Amino acid sequence: MKSLRTQALTLRDAGRIYFDHNATTPLAADLPQYIASILDNWGNPSSIHHGGRGPKTLLRDARQALATLVGCSSLEIVFTSGGAEANNLAIKGVFESFAKKWGADPVKWPRKRFLVSAVEHPSVTQTYKYLESKGAHVEKIPVSRGGEIDLEAFKKMLGEDVALVSVMFANNETGNIFPIKELTKLTRTVGALFHSDCVQALGKVEFNLRDLDVDYASFSSHKFYSLKGSGFLYVKKGAPVESLIHGGGQERHRRAGTENVLAIASLGFVARKHAVIVENFERTKQLRDCMEREVLERIDGVSVTGAEGPRLPTTSSFVIRNVDGESLLMNLDIEGVSVSTGAACSSGNPEPSPTLLAMGLTRFEAQASLRVSIGWSTTEEDVARFIVILEKVVGRLRSLRAEAFAEEARR
Ligand SMILES: Cc1ncc(COP(=O)(O)O)c(C=O)c1O
């Protein structure tokens, strides 16, 4: 248990500033003690003897807590290994169930078009790429530089031949929130299914699945102050789904494999923290707004991407001109600040973020982008220290760049 405890405390104890909550969140402060208290539930939840009862109860309680939090029935929750698997299950699940109904060649299906926003996470875009390799017809819904989905374009794209629409609730890089309720309403008029990746939304903003009227919604434990390795797909009652993993009757035959009991229980534990969740909606917004104001005031040549559209209260995507994002990230890291230049999953990849390019930023702007994402453990002091460090590092990198240009000119 000691190591879990240390892990939860390290980020703060080392005096570092962790501003990369969209990549992953630290564990909720009292989660390690809770996990310690349930460790003896090591039995298989599918066992019908005594050993199965404790783990089964943990799964049932977590399912109920999550259903209450997101506004659905516990029967509509399918536990997965995380957000990527939940996205795969929704998209491939629809494709496979249509293939069962209408045959292997999607061109012959009455519903053969798949519409997806241009700024989805790779676990959605790559899954659609896979479907394309199987003959599916996939079209991108454009998004503006301000972070708004092009509703007029979407309306024109809709038709009776659309199978599934995928638009995320909130973008992982810019924090932009899309009008899911409006989009599902439009989608219903042509009878297509709707999937929304809600991984970045859980615990950050108020939302209710019934109200949104989606058919599928994906969630991940490690973006929600819980242990890694779990997540879930909401599957609306009656919506088609085909298991991707075969060989077990778990999750009502929708996802085979023994459940990750501890990670799921940790999700349920955090889901019951209603007061903390709600308190942080406003608290993080105030901290984020203050941080943005100060950064824009103190450092010139800075803009916030997607600032015109509604956004998560925790995320800022800055373009800091005349600075290379990767160098900025590394220099901030040395100064004790953890941030990101794009989605964590694509870090180490020198290509500019496809999301920012799809929003209309130039390669140059995308490469000068910095994603700052705060969370429950962020304090006013963290924000104040971050601003000072950022100002110093940007100043240093810009003067190094100016010197390099001057040197180049002298040669
Ligand atoms: C919007 C979004 N969807 C899906 C995922 C994938 O979730 P997981 O890491 O749990 O597979 C992420 C992770 O970065 C994400 O930000």
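Just so it is clear, the structure is predicted and the values come from calculations on it, not from any experiment. Just follow the structure's listing: the first ligand is 1, and inside any ligand the first atom is 1.
With a heavy-atom cut-off of 4.0 Å, Asn87 touches ligand 1 through its side chain alone. For Ser123, every heavy-atom contact with ligand 1 shorter than 4.0 Å involves the side chain, none the backbone. Proximity of Glu85 to ligand 1, defined as any heavy-atom pair under 4.0 Å, is not found for any part of the residue.
Checking only distances, Val199 never comes within under 3.5 Å of ligand 1, N or O to N or O. Looking at Asp197 next to ligand 1, an N or O pair under 3.5 Å apart turns up. When only interatomic distances are considered, the shortest N/O to N/O separation between Ala84 and ligand 1 falls below 3.5 Å.
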Kindly determine whether Arg16 and Ser338 satisfy side-chain hydrogen bond (donor to acceptor under 3.5 Å, both in side chains), including the steps that lead there.
-> CA-CA 8 Å; Arg16 287 190 63 93; Ser338 302; 3.0 Å; yes

Show the numbers, then the answer: is there a salt bridge (charged side-chain N to carboxylate O under 4.0 Å, His left out) between Lys112 and Asp105?
-> CA-CA 9 Å; Lys112 49 181 154 297; Asp105 184 3; over 6 Å; no

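Close approach of ligand 1 to Ser220 is summarised as follows: ligand atoms under 4.0 Å from at least one heavy atom of the residue are 8 (P), 10 (O). Every atom of ligand 1 with a heavy atom of His222 under 4.0 Å away is listed here by number and element: 8 (P), 9 (O), 10 (O). Of all the atoms in ligand 1, the ones that sit under 4.0 Å from a non-hydrogen atom of Met168 are 1 (C). Shown in contact with Gly82 at under 4.0 Å from a heavy atom are these atoms of ligand 1, numbered in order with element: 10 (O).
Panel note: side chain Thr24, backbone His222; a donor-acceptor pair is recorded below 3.5 Å.
Atom CD of Glu132 has more than 12 heavy atoms from other residues, nucleotides or ligands within 6.0 Å. The environment of Arg298 atom CZ is dense: over 12 non-hydrogen atoms of other residues, nucleotides or ligands sit within 6.0 angstrom. Other residues, nucleotides and ligands contribute only 12 or fewer heavy atoms inside 6.0 Å of the NZ atom of Lys285.
Residue Lys223 places a heavy atom less than 4.0 Å from ligand 1.
Ring centers of Phe169 and Phe207: under 6.0 Å apart, within the cut-off.
At least one test fails for Lys92 against the ring of Phe95: distance under 6.0 Å to the centre or angle within 45° of the axis.
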